[in-house]
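Everything below concerns the one structure shown next.
Both backbone and side-chain heavy atoms feed into the values below; hydrogens, waters and symmetry mates do not. Reminder, nothing fancy here: chain letters follow the sequence lines and each chain counts from 1. Since the structure is predicted, the reported quantities are computational estimates derived from the model, not experimental observations.
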Number of protein chains: 2
Amino acid sequence: MKTYKRWLQNANLKVTPARLNILYTLDHANGFLTAEDIYNELKPTIEHLSLSTIYRSLEQLEKVHLIESVSLENKKEAQYELAHSKHAHHLICLTCGKVIHIHDCPIHDFAKAVSSQHHFKVTSHTLDLYGYCEACQT
Amino acid sequence: MKTYKRWLQNANLKVTPARLNILYTLDHANGFLTAEDIYNELKPTIEHLSLSTIYRSLEQLEKVHLIESVSLENKKEAQYELAHSKHAHHLICLTCGKVIHIHDCPIHDFAKAVSSQHHFKVTSHTLDLYGYCEACQT
DNA sequence: GTATCAAATGCAAATGGTTTGCATTTGAGT
DNA sequence: ACTCAAATGCAAACCATTTGCATTTGATAC
């Protein structure tokens with residue numbers, strides 16, 4: 001927990017059990033978690049934990065860029081992951097919902113071109129590829 | 001209306017006033033519309049129009065690929081447009097919400113590479129760039 | 001350590017986009 | 001015109017997320 005405590009302090013956020021546990025949970029998850037995933041994970045070990053605390057914590061953590069959220073097409077809930085995880089794009093299986101992270105990114109030059117063309121200052125982007133994973137192609 | 005009627009018939013959908021009007025509205029909109037946008041547009045001229053009809057119609061129209069929907073990050077409502085509009089990506093202003101359509105697409109080669117690398121059959125993708133439009137950069 | 005105060009939390013209720021159940025109407029083929 | 005599945009209106013349900021408010025808890029000052 002040492003590390004997470006320092007993360008929070010560096011971000012000028014109070015160190016609370018909820019936040020420490022959320023960071024821990026996200027850090028040890030492989031892939032994305034929803035607010036409810038986190039809640040279910042922590043509920044058994046933290047008494048009187050409230051879902052709204054999860055939401056409010058996630059909001060704070062995102063605001064200081066400790067975590068990031070994405071919302072994938074045709075999924076209504078937001079998904080969260082640690083922000084220091086590498087910039088990633090996604091392969092999303094339309095059948096089973098499996099999400100594969102891709103760390104290649106072909107966007108940089110494109111963003112630069114589009115920026116100057118439209119006088120638009122691009123600060124971030126999302127790129128998600130949809131289709132069928134190996135197992136679901138049968 | 002002739003055209004829209006034919007579209008529906010070709011798609012094996014019943015020709016109803018709601019569907020004709022939704023197609024007309026989307027066809028004459030510049031940019032995306034939400035279900036509610038469409039509802040507000042049509043409500044004055046169609047008596048007893050119900051929002052759920054809009055939703056159900058949009059669902060049907062999307063199923064037969066007459067229209068397409070996207071949901072942009074940090075917007076909770078789905079946005080709809082005619083499907084025959086060109087494949088487009090988006091420049092989304094984080095300040096004013098303005099959406100600029102881009103018809104260049106740098107993804108094709110990338111998708112191909114990723115496909116073979118992950119044995120994933122890519123069928124579609126989304127690419128959205130976020131940042132600040134010219135007017136909001138001051 | 002103790003006092004202090006803003007920030008964080010729990011709980012319940014509200015929100016808002018979307019979906020659904022059900023009775024009624026309507027389009028399309030006969 | 002007749003028939004029946006599909007489409008619709010309406011109200012209620014859903015569900016992820018947000019909010020109001022009273023209470024608790026960190027962080028800082030003493």
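A straight line from CG of A/Leu42 to C1' of C/dT9 spans 14 Å, rounded to a whole angstrom. Atom CD in A/Gln60 sits about 12 Å away from atom P in D/dT19, given to the nearest Å. Atom pair A/Ile22:CD1 and C/dA8:P shows a separation of 12 Å (rounding to whole Å applied). Between B/Leu33 atom CG and C/dT18 atom C1' there is a gap of 17 Å when expressed in whole angstrom units. Following rounding to the nearest Å, A/Lys76 (NZ) and D/dC14 (P) show an atom-to-atom distance of 12 Å. Distance B/Glu77 CD to C/dT18 P: 7 Å, rounded to the nearest Å. Distance, B/Asp37 CG to C/dG16 P: 16 Å, rounded to whole Å. At whole-Å resolution of the value, OH in A/Tyr39 and C1' in C/dC11 are 10 Å apart.
Pairing each heavy atom of B/Ile54 with each of B/Ala35, the nearest pair is CG2-O, 3.7 Å.
In this structure, the side chain of A/Glu81 does not engage the main chain of A/Ile67 through any donor-acceptor pair within 3.5 Å. With B/Ser57 contributing its side chain and B/Thr53 its backbone, the two residues share a donor-acceptor pair below 3.5 Å. Judged by distance alone, with hydrogens and angles left aside, the side-chain atoms of A/Asp27 form no donor-acceptor pair with the main-chain N or O of A/Leu23 at under 3.5 Å.
Inspection of the A/Thr34 and A/Gln79 side chains reveals no N or O donor paired with an N or O acceptor under 3.5 Å.
Residues passing the side chain to side chain donor-acceptor pair (under 3.5 Å) test with A/Lys14, sequence neighbours excluded: none.
Listed by first then second residue, pairs satisfying ring pair (Phe, Tyr, Trp, His ring centres under 6.0 Å) with a partner in residues 26-62 of chain A read A/Tyr24-A/His28, A/Phe32-A/His90, A/Phe32-A/His101, not counting sequence neighbours. Each ring pair (Phe, Tyr, Trp, His ring centres under 6.0 Å) pair with one or both residues in residues 119-138 of chain B, not counting sequence neighbours, appears once here: B/His87-B/His125, B/His89-B/His125.
At its two ends the helix from C/dG1-D/dC30 to C/dG17-D/dC14 runs along axes set 30° apart, each axis drawn from five pairs and the angle rounded to 10°.
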message = As a quick check of understanding, evaluate side chain to side chain contact (heavy atoms under 4.5 Å, CB included) for B/Leu58 and B/Ile38, giving each step before the final call.
response = CA-CA 10 Å; B/Leu58 289 171; B/Ile38 299 170; 4.0 Å; yes
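Contact annotation: the side chain of B/Leu91 approaches that of B/Ile102 to within less than 4.5 Å [non-hydrogen atoms, C-beta and beyond].
Residue-level contact check: A/Glu36 touches the backbone only, with heavy atoms under 4.0 Å from sugar-phosphate atoms and none from bases.
Annotation: proximity of residues 46-59 of chain A to DNA chain C (heavy atom, distance under 4.0 Å) is found for A/His48, A/Leu49, A/Ser50, A/Ser52, A/Thr53, A/Arg56, A/Ser57, numbered in ascending order.
To the nearest 0.5 Å, atoms CG (A/Leu13) and CG (A/Leu8) are separated by 6.0 Å.
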note = Going 5' to 3' through nucleotides 22-30 of chain D and flagging B where a protein heavy-atom sits under 4.0 Å of the base, S where only the sugar-phosphate is that close, and - otherwise, we get ----BS---
